[in-house]
Number of protein chains: 2
Amino acid sequence: MGIREPLGELGCGLSHALEVMGERWSFLILRAAFNGLCHFEEFSQELGIARNILSNRLAKMVEHGVLERTPCESDRRKVEYRLTEKGLGLLPAMLALRQWGEKHADVCNPNLVLVDCRDGEPVQTIGIQAHDGRALGWHELGWQTPDKIGTPVERHDGYHTKENA
Amino acid sequence: MGIREPLGELGCGLSHALEVMGERWSFLILRAAFNGLCHFEEFSQELGIARNILSNRLAKMVEHGVLERTPCESDRRKVEYRLTEKGLGLLPAMLALRQWGEKHADVCNPNLVLVDCRDGEPVQTIGIQAHDGRALGWHELGWQTPDKIGTPVERHDGYHTKENA
DNA sequence: AATAAGGGTTGCTAATCGAAACTTAGACTT
DNA sequence: AAGTCTAAGTTTCGATTAGCAACCCTTATT
């Protein structure tokens with residue numbers, strides 16, 4: 001077995017991502033934001049989320065720079081929550097999660113498909129690619145220290161390779 | 001504004017994915033599993049998670065087919081939790097999340113990098129691609145009904161296009 | 001038989017969620 | 001200017017859930 005991640009500190013990017021987006025409604029709020037919703041009432045009605053939780057989540061997402069909160073110019077009662085660049089950067093993660101869910105859900109409504117708007121063709125299923133664009137599966141991946149990048153790695157564990165009893 | 005997803009029912013794959021993986025420790029358990037951990041005590045010690053919660057999460061992930069629970073042959077006290085194909089399918093989502101977290105975390109320890117083990121080169125940052133492989137940003141995407149696939153879409157909202165006050 | 005290890009379950013407390021009522025500030029009407 | 005309405009939250013309080021510690025059951029090991 002090759003190199004293994006240090007899980008102890010939990011200190012990889014995943015922990016940070018989960019800290020920001022790991023709570024119950026965060027991803028659904030994000031999805032709503034990607035669909036153009038930006039007012040408190042819109043989120044509240046579309047998601048059916050409790051108002052205090054919504055308030056809490058929006059505040060946290062603003063605090064972490066995923067959303068930007070700006071009082072509305074035209075009507076000062078209203079507030080706009082809009083995705084920042086950081087928030088927009090979550091699209092691949094959300095889509096990957098969504099594609100996984102669609103693939104494995106019992107009931108699924110593929111009544112809308114995400115497409116390239118230039119030609120209307122569906123986007124690809126999100127996957128992991130090597131630097132040259134080859135699609136990579138888990139058994140073709142390994143962990144490497146930054147100083148040894150560029151040197152091949154033997155497989156780091158025995159997943160799906162029966163040869164190690 | 002073009003087509004918008006029906007958010008009401010929450011019935012997209014994202015809901016299903018979150019139902020399976022949306023709880024507090026699920027993704028960290030998944031990460032540990034990807035790192036080769038497969039015993040209860042290993043998860044418990046590495047993650048520092050409470051035993052009842054761990055038990056609960058593992059059971060749920062097994063129930064949803066992300067992990068497979070098999071009593072160990074050699075030592076009947078032990079149980080092995082291993083990723084199924086469905087579980088392995090979460091890797092792109094997890095990596096996308098992780099890459100996002102690494103990009104935006106204040107403190108970050110890039111002491112290990114995920115590489116293609118054939119040549120030791122880092123994998124690409126996960127992104128969304130058109131059918132021909134072009135990288136796509138949010139403003140180049142749109143929702144389309146299955147019957148109209150192949151016909152271009154006008155942009156569905158005004159994110160980052162100042163032209164719609 | 002005695003001891004220990006692996007994989008849980010049970011009780012109990014602290015934190016979090018959720019529904020509904022309440023508050024505050026800004027528009028809109030008359 | 002008073003009254004009403006709307007948007008965006010807070011507060012309150014009962015219902016869940018997380019987390020800790022201790023206990024239990026089965027299977028090795030000595």
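Order of the sequence lines fixes the chain letters, A, B, ..., with proteins taken first and strands second; residue numbering starts at 1 for each chain.
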| salt bridge (charged side-chain N to carboxylate O under 4.0 Å, His left out) with B:Glu80: which residues, sequence neighbours excluded? | B:Arg82
| message | What is the separation between atom CZ on B:Arg51 and atom C1' on D:dC24, rounded to the nearest whole Å? | response | 12 Å
| task | May I have the distance from B:Phe43 (atom CZ) to D:dG19 (atom P), rounded to whole angstrom? | result | 17 Å
| request: Look at the aromatic rings of A:His16 and B:Trp100 and report parallel, tilted or perpendicular, splitting at 30° and 60°. | output: parallel
| request: Check every nucleotide of DNA chain C for an atom under 4.0 Å from a heavy-atom of chain B, then give the first and the last such nucleotide from 5' to 3'. | output: C:dA5 to C:dG11
| query | Once you round it to whole Å, what is the distance between P of D:dG19 and CG of B:Leu47? | reply | 12 Å
| query | Under 3.5 Å, is there a donor-acceptor pair between the side chain of B:Thr84 and the main chain of B:Gly65? | reply | yes
| query | Does the pair A:Leu95 and A:Val123 meet the rule for a side chain to side chain contact (heavy atoms under 4.5 Å, CB included), with working shown? | reply | CA-CA 10 Å; A:Leu95 186 58; A:Val123 300; 4.2 Å; yes
| request: Could you check A:Arg24 against A:Phe40 and say which one's nearest nucleotide on DNA chain D is further toward the 5' end? | output: A:Phe40
| note | Separation between CZ (A:Phe43) and CD1 (A:Ile49), nearest 0.5 Å, reads 10.0 Å
| message | Among residues 52-62 of chain A, which ones have heavy-atom contacts with DNA chain D below 4.0 Å? | response | A:Asn52, A:Ser55
| Is it true that a side-chain atom of B:Gln129 and a backbone atom of B:Leu136 form a donor plus acceptor pair closer than 3.5 Å? | no
| request: Kindly say if A:Tyr81 contacts the phosphate of D:dG9, meaning a side-chain N or O under 4.0 Å from OP1 or OP2. | output: yes
N/O-N/O pairs, protein side and nucleotides 27-30 of chain D side, under 3.5 Å:
residue	atom	partner	partner atom	Å
D:dA28	OP1	B:Asp75	OD1	3.2
D:dA28	OP1	B:Arg76	N	2.8

| Axis bend over the full length of the helix from C:dA1-D:dT30 to C:dT30-D:dA1, computed from five pairs that close each end, to 10 degrees | 10°
| Should we say atom CZ of B:Arg134 is surrounded by more than 12 heavy atoms from elsewhere, each under 6.0 Å from it? | yes
| said: How long is the straight-line distance from CG of A:Leu37 back to CD of A:Gln45, given to the nearest 0.5 Å? | reply: 10.0 Å
| request: State, with a plain yes or no, whether a side-chain heavy atom of A:Leu30 is found less than 4.5 Å away from one of A:Met61. | output: yes
| request: Determine, for A:Glu41 against A:Arg77, whether the closest basic-nitrogen to carboxylate-oxygen distance falls under 4.0 angstrom. | output: no
| field | Residues which pass salt bridge (charged side-chain N to carboxylate O under 4.0 Å, His left out) with A:Asp147, listed by chain and number, not counting sequence neighbours | value | none
| field | Integer-rounded Å distance: D:dT6 P and A:Gln45 CD | value | 11 Å
| query | Under a 4.5 Å cut-off applied to non-hydrogen side-chain atoms, are A:Met94 and A:Phe34 in contact? | reply | yes
| Is any side-chain heavy atom of A:His131 closer than 4.5 Å to a side-chain heavy atom of B:Asp119? | yes
